[in-house]
Amino acid sequence: MEPESKELPELPNVGTWPKVVMRLAPFPSGPLHIGNARMVVLNDYYVKRYDGELILVFDDTIGSDEKQVETEAFDMIPEGLEYLGAKWHRTVYKSDRLDIFYKYAVDLLKKGEAYVCGCDAGLWRKEHKIKGKPCSCSLLSADENLSRWEMMLDGTYPERGAAVRLKTGMDNPDPAMRDHVILRISETEHPRVGTRYRVWPLLEYSWGIDDHELGISHIIRGKDLVKEGKIEQHIWSIYGWQHPELLYYGRLKFQDATLSKSKSRREVLDGTYSGWDDPRTWSMQSLAKRGIDSKAVRKVMLDLGLSTVDISISMKALYSENRKLRDANASRFFFVESPTWLELSGVPSETTYAEAPVHPDFPDRGVRNIPLGMVDDTILVGIQKKDYDRFKNDTLFRLKDFANFKLLKGKSPVGQFHSHDVNDVRTAGGPIIQWVPKRGSVGTEITMVDGDITTGFAEPSASELKPGTFLQFERWGFGCVVESGTPMKVAFAHK
RNA sequence: GCCCCGGUAGUGUAGUCCGGCCCAGCAUCUAGGGUUUUCGACCCUAUGACCCGGGUUCAAAUCCCGGCCGGGGCACCA
């Protein structure tokens, strides 16, 4: 395998497993965003490294009011995985596996490893969880538990009326580990299985069973799940199953982006965001749209390694990687933001167009032809207001790849042709700037990372650009064509 | 309150398990220079770190103890 970053450490105890089997377990509430990429990339990396198997498991249990399953996520997540270049071998839905969880629930009740608790959740927390004192439900016989279990299934108990608790031990010094709920009642309709089930497993329980049932050997996930891991281990021990190896990584924050799936969802629904590929969602779809090479994402994620420290990184790292990968293939164009139009006179009549290289490092790729649209000896060109404002009257400046002009500021600014030779402006220390001719240039809208639209004009040759083309607007930044036409739409990638 | 985990330059990371090859490597950021008809890319240079205090040792980023700081968990969410 081609190393795509530094070498990560070996997975522990690989030899004790017939095969490395790992899993991706996203909760389908929206598309994968850049924060989820770490989980995907790490698991995918190790599975490829050990030639193992990767299972996509939609963790679509019923969730809660705050965390709801979104049907569209079942398509958007695989899309994101494909973008990332992750290879998964099969797809499993938790919601198809309720019968398995029920079977083990009955068994645990019979074994006396769990009980059906009818206590009020808030009261139980205060009186039992915190104090470490068992409630009376934990004394129930297997038969009593089984009949209570039936009452959970048949609807005798209302929602929150009863729940199955695993006997992890009320005397555990860690309150987080005391008799955690593993199954509970929810009558919320599920997008895939409707109202077929009213008893749903919690994450730690469903995984305690499924990591074994699916033959998972190694689990890499965020350290917010360590308690869940301990509960899983408790279950594995009850059945004497080989414990999958648990590895955790710390929380990842981005200094220059706020990632919130629920906020994104809200903004997408009410139209504040253009859709799930809006740059502000930081979804895989949005990165693809901006022309961020997924190899850059993978590199950045892999470079973080598996440390459990909380880290805060800058998108600049991602942009730096992306430039390295894509600069060589980004054709150059002129784009002028908020143009100031200059009337330039004295241009020699034989000069009707300018030629600029498609890519300065690769002369063999040819040149872009920029027609001047000359009338008499006068042409009308736009330069950036930003440039114009910093120029003094009389400045000698160069329109890049074209000619040098002397500026005369005024109500309607004009310029006088000075010379063709680039050395003239160099010796004068004058600026070299990008420009567009008024005639033939392409109105362009660039969607910035914060969702704002920057408008301006791209040079005429940009009219032939196809969607998906990654380019650089010289002295401005990289982006990806989203839509050709007038105006042309471009998604900004980075400087 | 109880329980876990962690602290290497601005940001990440390597090294820590098995002390010496680490007066700490790499990437990125920042600054400067070279090159370039871009403020991109490329090349060069500079700044910059082992949380603190003890201990063990000929020798500690690495081992031990104490402290400080940071994060997480204690949900009928995932």
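Both backbone and side-chain heavy atoms feed into the values below; hydrogens, waters and symmetry mates do not. Throughout, protein chains are lettered first and strands after them, A, B, ... in sequence-line order, and every chain is numbered starting at 1.
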Using whole Å, what does the distance between atom [atom2] of nucleotide [N] and atom [atom1] of [X] come to?
X      : N     : atom1 : atom2 : result
A:Y319 : B:A41 : OH    : C1'   : 19 Å
A:N322 : B:A41 : CG    : P     : 11 Å
A:L325 : B:A41 : CG    : C1'   : 13 Å
A:D303 : B:C29 : CG    : C1'   : 15 Å
A:K324 : B:C43 : NZ    : C1'   : 14 Å
A:D401 : B:U37 : CG    : P     : 9 Å
A:I77  : B:A78 : CD1   : P     : 15 Å
A:D65  : B:A75 : CG    : C1'   : 13 Å

Below 4.0 Å: OP1/OP2 of [N] and any side-chain N or O of [X]:
X      : N     : answer
A:R323 : B:A41 : yes
A:K227 : B:C74 : yes
A:R184 : B:C77 : yes
A:R125 : B:A75 : yes
A:S307 : B:U13 : yes
A:S64  : B:A78 : no

Worksheet item: Between A:R49 and A:Y45, is any side-chain donor less than 3.5 angstrom from a side-chain acceptor?
Response: yes
Worksheet item: Just checking, any donor-acceptor pair under 3.5 angstrom between side chains of A:S138 and A:H128?
Response: no
Worksheet item: Are A:F478 and A:H494 close enough that their ring centres sit under 6.0 Å apart?
Response: yes
Can you tell me the Watson-Crick or wobble partner of [N], both distances under 3.5 angstrom?
N     : value
B:G66 : B:C52
B:C42 : B:G34
B:U47 : none
B:G1  : B:C74
B:A9  : none
B:C22 : none

With rounding to whole Å, what would you report as the distance between [N] and [M] at their [atom1] atoms?
N     : M     : atom1 : answer
B:C43 : B:U35 : P     : 16 Å
B:C2  : B:C77 : P     : 28 Å
B:U62 : B:C42 : C1'   : 38 Å
B:A60 : B:U8  : C1'   : 14 Å
B:U47 : B:G53 : C1'   : 29 Å
B:G7  : B:C65 : P     : 16 Å
B:G25 : B:A9  : C1'   : 13 Å
B:G6  : B:A49 : P     : 26 Å

Checking all strands, does [X] fall into the base, sugar-phosphate, or nothing category for heavy-atom contacts under 4.0 angstrom?
X      : answer
A:Y248 : nothing
A:V226 : nothing
A:S186 : nothing
A:I311 : sugar-phosphate
A:Q255 : sugar-phosphate
A:Q434 : nothing
A:K129 : sugar-phosphate

Counting only distance, no hydrogens or angles, is the base of [N] paired donor-acceptor with the side chain of [X] under 3.5 Å?
X      : N     : result
A:R251 : B:G72 : no
A:R426 : B:U37 : no
A:D224 : B:G71 : no
A:E321 : B:U28 : no

Within 45° cone and under 6.0 Å: [X] NZ/CZ vs [Y] ring:
X      : Y      : answer
A:R221 : A:W207 : no
A:K94  : A:W200 : no
A:R365 : A:F362 : yes
A:R148 : A:Y115 : no

Worksheet item: Which of the following nucleotides, B:C74, B:U37, B:A78, is nearest to the side chain of A:I432?
Response: B:U37
Worksheet item: Counting side-chain heavy atoms from CB outward, which of B:C74, B:C42, B:C5 is closest to A:P175?
Response: B:C74
Worksheet item: Of A:F402 and A:A25, whose closest RNA chain B nucleotide lies nearer the 5' terminus?
Response: A:F402
Worksheet, complete the sentence: Nearest-nucleotide check on RNA chain B, A:I313 vs A:W476; residue mapping nearer the 5' end is A:I313
Worksheet item: A:E70 pairs by salt bridge (charged side-chain N to carboxylate O under 4.0 Å, His left out) with which of A:K261, A:R265, A:R192?
Response: A:R265
Discussion item. Would you compute the distance between atom CG of A:D293 and atom CD of A:E321 and round it to the nearest 0.5 angstrom?
Written reply: 10.5 Å
